[in-house]
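The chains referred to below are lettered A, B, ... by the order of the sequence lines, with proteins before strands, and numbering in each begins at 1.
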Amino acid sequence: MNIDVQSVTKNFGSFKALNDVSLKIQSGELLALLGPSGSGKTTLLRIIAGLEWPDSGAVRFDGQDALSLSVKERDVGFVFQHYALFRHMNVFDNIAFGLRVRPRRERKPESFIKNKVEQLLELVQIGSLADRYPSQLSGGQRQRVALARALAIEPRVLLLDEPFGALDAKVRKDLRRWLRNLHNELHVTSILVTHDQEEALEVSDRVVVMGNGKIEQVGSPSEVYDNPASAFVHDFIGESVALPIKVDGSLVRIGGRNIGLDTQGVAQGDARLFVRPHDIEIGQLGDNALEGEVLAVRRFGPTHRVDVSVPIDGGKATIEAAVPAGHEPKIGERVGLIPERYRVFAA
Amino acid sequence: MSSLPIAGTRAAPKTVIPGFGITFGLTLAWLGLIVLIPLAGLFLKTFELTFEQFIGIVTSARVLNALKISFGIALAAAAINLVFGFFVVWALTRYEFPGRRLFDAIVDIPFALPTAVAGIALTTLYAPNGWIGSLLEPLGIKVAYTPLGILIALVFIGLPFVVRTVQPVLIDLESELEEAASSLGANRWQVIIKVVIPTLLPSLLTGFALAFARAVGEYGSVIFIAGNLPNISEIAPLLIIIRLEEFRYADATAIAVVMLLASFVLLFAINGLQRWSESRSAAF
């Protein structure tokens, strides 16, 4: 199902949770809403689900107005961070819930429900747990039950609100791969809310990066990582080093020194230079290199992490650079730092 | 190889929480002093009777009727409080309305009011010439001086027990449960019947048990409104008092023993039910 979110605004008191947000979600894709807490991603998800109503704007499901429908009429499968399983029902009854509450004339016979639930139990790989109660399951198993329960009603869209947020790292990794495979099998339009960029980049077809109630960038995981559209995205996704700079005509000045870097079309004035640690090469001092003094060298997996103190306007900044083992400088040495890939954004 | 001597070789504590000895000792002493010794006295006094005498007393028509009235009406009152208490809790926790805090405080009044005052007030209201009683009189409904009056008094004193036990649980109930149910297509009614009430069941049962226990033992408010006609509106606690006033102490304790055992069995059953529903709905 195509979902069209049109200039949706939502305030909680004086807090702008969503500020004129528009987004098109294509049928069958797995879209991740990624952002720090307070960025409005969960509010957007809840508005799509019908658990929250916007102050203004429209939400359309395949062109039809969705805001006139209540959550129960929208046919959405919603998966909560804390599972929200019915604790007085066993796994089987939890999954069957959505089928059993249908109005009498639409309700399928119990034999059909039994079959359907058994299929779902197989699909989420917890066939042997049908008689257990939620309190007897591990976190990962609970979330599988919650997912099966949401899928039981054959939703038009599957909405997942930080589904792996309460799980430990190992289970989280396993579950998100499994979710990706499941999506490849079912092709149900899915929206995943997460603050974990690794999760968003690994699982989704497209990533929507949100910050302060606005959409900062929409793109494939590699677009978002390689070509951040804004300082916010560069800072939020992946590791970043940010330095205050001044753009003077076609020159970039850092700490009063001209460096041979491209201004990337940023207008005259204060700006910020963003570099990823592994895109910084340590080399000779020169015109196109930042100059600094090595403060510390740390072993970090296959590479060394080098902290270099660099003079900037009104002080010093510590830049972390990644250097292959065997090429690390000595502490106290003066080195040049050459950003190989970088972005300049107006401050 | 010699092991290192450990300072103080007395039995090592098996738990890090200190004070087991003193708290357990105090609990036993306190329970004994306050609860068990008086109850033992009750049984001891009853043993002055022969078994035949005992059976004779507790199966006499007047005693049986009094017990039936006490337990029957107490159960009915607790059941009424369960239903209406739930409504009160629902309104007080789920909606914002002017005076909500005031209503919330009013719920506690039956806790604090001397029961005799409650009894007199209810009697005045429900007497044939009272505010409410005079309205019911033309309809042929008599409340004061009938079992119905007892029911009203017991409902009055039992209400806060249900409200105060269920309220905190409903406040803590995650709204996500209800959201999940409605996203799965349940209507409001189904959400309440299939999700909210089953989740609250342990606390509802506790409230029911407390309201029931309070109602069985209630004396002060009932005797004013009941009329106290033997076999019709005479409650067992009153009969105990009457026997005491006749200096038939063993008769009084015999009735008390039966009440005690019956209450114990009922509360034990409710407790079992509660544990069963709790074990199924244990919070994560």
- Donor-acceptor pair, side chain of Glu176(B) and main chain of Ala84(A), under 3.5 angstrom: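 Between the backbone of Ala84(A) and the side chain of Glu176(B) there is no qualifying donor-acceptor contact (under 3.5 Å).
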
- Engaged part of Phe78(A) at the chain B interface, taking heavy atoms whose separation is under 4.5 Å: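 Interface part for Phe78(A): both.
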
- Task: Against chain B, label Ala152(A) side chain, backbone, both or neither, depending on which of its atoms sit under 4.5 Å from a heavy atom there.
- Result: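 Nothing of Ala152(A), per the 4.5 Å heavy-atom cut-off to chain B.
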
Is it the case that atom [atom1] in [X] sees more than 12 heavy atoms from other parts of the structure closer than 6.0 Å?
{"X": "Trp30(B)", "atom1": "CH2", "result": "no"}
{"X": "Gln64(A)", "atom1": "CD", "result": "no"}
{"X": "Arg107(A)", "atom1": "CZ", "result": "yes"}
{"X": "Phe84(B)", "atom1": "CZ", "result": "no"}
{"X": "Phe111(B)", "atom1": "CZ", "result": "yes"}
{"X": "Arg101(B)", "atom1": "CZ", "result": "no"}
{"X": "Glu154(A)", "atom1": "CD", "result": "no"}

- If you measure from the Lys or Arg side-chain nitrogens to the Asp or Glu carboxylate oxygens, is any gap between Arg87(A) and Glu174(B) under 4.0 Å?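 So Arg87(A) pairs with Glu174(B) through a salt bridge.
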
- Task: Measure the OG1-NE2 distance between Thr199(B) and His88(A) for me, rounded to the nearest 0.5 Å.
- Result: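 Interatomic distance, Thr199(B) OG1 to His88(A) NE2, rounded to 0.5 Å: 5.0 Å.
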
- To the nearest 0.5 Å, tell me how far Phe80(A) CZ sits from Ser175(B) OG.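 The OG atom of Ser175(B) is 8.0 Å from CZ of Phe80(A), to the nearest 0.5 Å.
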
- Message: Looking only at heavy atoms and a cut-off of under 4.5 Å, which of Ile153(A), Asp75(A), Asp161(A) has the most pairs with chain B?
- Response: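 The residue among Ile153(A), Asp75(A), Asp161(A) with the greatest pair count is Ile153(A).
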
- If you take all heavy atoms of Glu179(B) and Arg46(A), which pair is closest and at what distance?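 Answer, listing the atom of Glu179(B) first, then Arg46(A): OE2-NH2, 2.6 Å.
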
- Item | Minimum-distance pair of heavy atoms, taken over all atoms of Ala180(B) and Arg149(A) |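 So the minimum-distance heavy-atom pair works out to CB-NH2, 3.5 Å.
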
- So which of Val195(B), Leu184(B), Leu177(B) has the biggest tally of heavy-atom pairs under 4.5 Å with chain A?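 Heavy-atom pairs under 4.5 Å are most numerous for Leu184(B).
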
